[in-house]
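To keep things clear, I will list the structure first and then write my remarks on it.
Each chain gets a letter, A, B and so on, in the order the sequences are listed, and its residues count up from 1.
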Amino acid sequence: MSSYAYPEVLVETDWAKANISKPGIRFVEVDVDTKAYEVGHIPGAVGFNWQTQLQDQVRRDIVSKEEFEKLVGGAGITNSDTVILYGDNNNWFAAYAFWLFKLYGHRDVRLLNGGRVKWLAGADLPLTAEKTAVTPTAYRAASADESLRAKLLDVIEIARSSSRPSNLVDVRSPDEFSGKVIAPPGMTETAQRGGHVPGAASVPWARAVNQDGTFKPLEELKQLYLVEAKLNPGKPTVAYCRIGERSSHTWFVLKYLLGLKDVRNYDGSWTEYGSVIGVPIER
Amino acid sequence: MNHRTRVYDSIFEMLPGEENPSPMVRIGKMNPAPAFELYAKLEWLNPFGSIKDRAASEMIRDLESRGELRRGETRASGRGIVEPTSGNTGISLAAMASAKGYAMRAVVPQKVPLEKRVLLRIAGADVDVINDQMCPSPGMGEGSIGIARSYAKAQKDHYVMPNQYENELNVAAHVRTTGPEIWRQTEGRITHAFVSLGTAGTAMGLSRFLKGKNPAIRIIAVQPSEGHDVPGLRNKSELHVTKLFDEKQIDEILEIPFELAYTRVLELCRTEGLFAGPSSGLIYEGARRVLERDTKQKGVGVMMFCDNVFKYVSSMVRHVPGLGEE
């Protein structure tokens, strides 16, 4: 089996277990809220709350460079640390954090393959409810690398272009893509209209993972994205979902496992696009 | 214990079994094939209110016999139960655990109706409500199962998780009790069993027992349409969370628009006097569809009516216009 384009950004549970509490290696659990972390986490891990700590709490935006420095430094992480991210919902929020760490220039950040669900399934993998003691550091982030991020105008331009494939990947569920629902049941973040960006290929995020939450092998991912979804690896690619977290997961797959050169995450996603007056929508 | 006079020394003696079966009531006006005997098995008449009394009692007995549960000086200092539940298993477990002096923590999805969440607390459980409807995609463990597993893993001294989604006793309970009850109640004449799928324990247990007696007996399962709001049930796309489900044991699976669950509940209440819950409404609709195929057919069918409508008042108000007071 051939290996992923950047295999070094993915660690397996065995590796993680062997490296718990090693100096220079820091585990961070990223959940939609920190309930799961509080009940039990990998010993030594700190917990980040996607809702309150990874987004600006006033504007709709990612956390600022200063806030990111405060968060990461406050978690006792240094610039030279290897950061291992994992979390609930099959690593959606961990992948979002991975995208943020890359955006702010952290050198060595990796995802735990399979996330929290695989960790829980391993009988010999430890979990603790004990608080992790941290010593704050003076963490310094780089300026945001905007080349990893797609903005509304980029997506509108793609939508209006007749060039195909548009290399736009919609990672939401089929019912969201078709416009049957605007958001999964019970979700508060929604849009004014249902449907998808014209030209987008529908590849629900979950098709990239196995039942145990780990990523599928390279050949299957190639088949899925390059053959079935017909993405052109030579063109810029944009992944979007509803609020930008599921699409971070697919962004990770496209950029680091398949090795596509120019992949952006559209964090505004459908809640932004589907609410804008006059933009083209397909159903 | 005396099932004839129904005088008991403890509530546990009322648990169902071949000598104390839950009642079966024949469907009258709502049966489209009069020559076919269609029965509803009323599981809400079990002592803690649902079909889940069967699996819960089996699982607790097993944990006790293996020394996995411990009474503490206070409940918190012992070793109790943590379980992911859409309500009924949790209520049965909580009631039994409380009566036996063990602690119980229930981890429930947010979509579980308020009535069940409150009942869990009334029964003495600590309740964690989890939003696990982030994205209805396959390949993801449900949040409530993950949280319950986290408690069991991070706080081993305080919790053990029976895990109805993987525990073979959830099937064995029906092989030991429900199957033999139905066999005896129908005098071996049963031709069809109608069930719903949640953990799939009932479907698998009934299939194993009844087909062992007579392989021609048809096991027919209903499932609500995708994106449904029928607590406790699963669409096929959600069934990966249970390790017990084996499609080969089922003869037919009918997918039914979930709103019909609520419509049929009203009819069952108003026409047959059966105060059945939404999953029973869906099962009835499945049976009705099978009988409509040939209204002259003969046979004996048993529908598993898992619980009653009392726990779903808020769901009924949400889905049936005109029931609320607004």
Measure the spacing between [atom1] of [X] and [atom2] of [Y] and express it to the nearest 0.5 Å.
X	Y	atom1	atom2	value
Asp128(B)	Lys35(A)	CG	NZ	3.5 Å
Glu38(A)	Ile147(B)	CD	CD1	9.5 Å
Ile130(B)	Asp88(A)	CD1	CG	9.5 Å

What pair of heavy atoms forms the shortest contact from [X] to [Y], and how long is it?
X	Y	result
Ala129(A)	Ala154(B)	N-CB, 3.9 Å
Leu120(A)	Ser150(B)	CD2-OG, 3.4 Å
Val39(A)	Gln155(B)	O-NE2, 4.0 Å

Within a radius of less than 6.0 Å around CZ of Arg117(B), do more than 12 heavy atoms belonging to other residues, nucleotides or ligands occur? yes

Tell me if the CD atom of Gln57(A) is crowded by more than 12 foreign heavy atoms within 6.0 Å. yes

Taking the side chain as C-beta and beyond, is there a heavy-atom pair between Leu125(A) and Lys153(B) under 4.5 Å? yes

At a heavy-atom separation under 4.5 Å, does Asp229(B) approach chain A through its side chain, its backbone, both, or neither? neither

